[in-house]
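Please read the structure below before turning to the comments.
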There are 2 protein chains.
Amino acid sequence: MGRMSEEDYVENCPISSVQKIVRGKWTMVIVFFLSQGTLRFGELSRKMPQVTQANLTKELRMLEEYRVIHREVYKEVPPKVEYSLTELGVKFLPVLKSLEIWAIEYEKMLK
Amino acid sequence: MGRMSEEDYVENCPISSVQKIVRGKWTMVIVFFLSQGTLRFGELSRKMPQVTQANLTKELRMLEEYRVIHREVYKEVPPKVEYSLTELGVKFLPVLKSLEIWAIEYEKMLK
DNA sequence: CAGGATCCGTTATGATACTG
DNA sequence: CAGTATCATAACGGATCCTG
């Protein structure tokens, strides 16, 4: 493959393929929490009280579909579902970190 | 400041303050293009044919408001407006880079 | 307990036409 | 050239109730 022209960037650039993942309102927060270890749905939900269960479910399903997190269902009563980062999810942590660094720069700038 | 508890993350974490910037559908693409140099509205618009002028304007205004880009208006006829990255915008480039790295990992994973 | 289903208002985005 | 204005639609986000 040759050099990518600027004109093709929007179509071909890798970022556009993952943008829909990053754009989820809670994806990064979810990844952050799961970076500290496996969590059950209820635990995650309690850490993010602003998010309704319906929306949390939606985001989790999206992250699962994109293979950022893993969903383990235990066939028990009462039901038990655990979420954890996949390998791909772990590899996302540097992105989270660099964004955090920028966020700090951003806050400094506001003063 | 002491350690941030997990429970406070969503409210206090720096990321939430910049999330709305990152979440813009075209913000990262705009920043990418401007990282290569100043561009006029029309030039940028031609590089992103998927985006309507109206929406491009909105995103540019948002990025300007958040001080990621600078908007220079020349009082001429015909009008001329140039966009460029601010210092803060330049500092965002590592984030873009780390996301790109992850995106490449992501594509590999799909095979 | 985990999350599915539904309703519904708010944003986001798009197409198109128009203007200083 | 660099937008605005208008209208229409789609996606998002929240609240509420339901179920294996």
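We name chains A, B, ... by the order of the sequence lines, and we start the count at 1 in each one. All heavy atoms count here, side chains included; hydrogens, waters and symmetry mates do not.
- Here the C1' atom of nucleotide D/dG3 and the CD atom of B/E59 are 16 Å apart, to the nearest Å.
- Put simply, the residue from A/I69, A/L63, A/V22, A/V68 that forms a side chain to side chain contact (heavy atoms under 4.5 Å, CB included) with A/T27 is A/L63.
- Without hydrogens or angle criteria, A/S35 side chain to A/F32 main chain gives a donor-acceptor distance under 3.5 Å.
- Non-hydrogen atoms lying under 4.0 Å from DNA chain D are contributed by B/R71, all within residues 64-76 of chain B.
- At least one side-chain nitrogen or oxygen of B/R61 sits closer than 4.0 Å to the OP1 or OP2 atom of D/dT4.
- Recorded end-axis angle for the helix from C/dC1-D/dG20 to C/dG20-D/dC1 stands at 50°, based on five pairs per end and rounded to 10 degrees.
- Computed from coordinates, the A/R46 CZ to C/dC1 C1' distance equals 10 Å when rounded to whole Å.
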Between the protein and nucleotides 14-20 of chain D, which nitrogen or oxygen pairs are less than 3.5 angstrom apart?
{"unit_1": "D/dG14", "atom_1": "OP2", "unit_2": "A/N55", "atom_2": "ND2", "d": "3.4"}

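- Shortest non-hydrogen contact noted between B/S98 and A/S98 is OG-OG, 2.9 Å.
- The number of heavy-atom neighbours closer than 6.0 Å to NZ of B/K97, taken from other residues, nucleotides and ligands shown, is 12 or below.
- Judged purely by atom type and a 3.5 angstrom limit, B/T86 uses its side chain to pair as donor or acceptor with the backbone of B/R67.
- Judged purely by atom type and a 3.5 angstrom limit, B/W102 uses its side chain to pair as donor or acceptor with the backbone of A/L88.
- Taking atom CG of A/L56 as the reference point, atom C1' of C/dG3 lies 10 Å away to the nearest angstrom.
- Taking 4.0 angstrom as the limit, B/Y83 places none of its side-chain polar atoms (N or O) nearer than this to OP1 or OP2 of D/dC1.
- For A/K20 and C/dT13, the NZ to C1' distance is 17 Å, given to the nearest whole Å.
- For C/dA2, one of the phosphate oxygens OP1 or OP2 lies less than 4.0 angstrom from a side-chain nitrogen or oxygen of A/R40.
- One interatomic measurement links the two molecules: NZ of B/K47 to P of D/dA2, which rounds to 14 Å at whole-angstrom precision.
- Rounded to whole angstrom, the span from the CD atom of A/E82 across to the P atom of C/dC1 amounts to 15 Å.
- Residue A/L63 contributes atom CG, which lies 13 Å from atom P of C/dG3 at whole-angstrom precision.
- Looking only at distances, a side-chain donor or acceptor of B/R23 sits under 3.5 Å from a matching main-chain atom of A/R23.
- With salt bridges taken as basic N to acidic carboxylate O contacts below 4.0 Å, one links B/E87 and B/K91.
- When the side chains of ILVMFWY residues are joined at heavy-atom separations under 4.5 Å, either directly or via intervening members, B/I104 and B/L99 end up in two distinct hydrophobic clusters.
- The backbone N or O of A/K25 lies less than 3.5 Å from a partner atom in the side chain of A/E59, making a donor-acceptor pair.
- Here D/dA11 presents its C1' atom at 15 Å from CD of A/Q19, a figure rounded to the nearest Å.
- Remark: B/K108 engages B/E105 in a salt bridge, criterion side-chain N to carboxylate O under 4.0 Å.
- With the nearest nucleotide of DNA chain C identified for both A/L60 and A/R23, A/L60 has the one nearer the 5' end.
- Using the six-membered ring where Trp is involved, A/Y66 and B/Y106 have ring planes that are perpendicular, over 60° apart on the 30 and 60° scheme.
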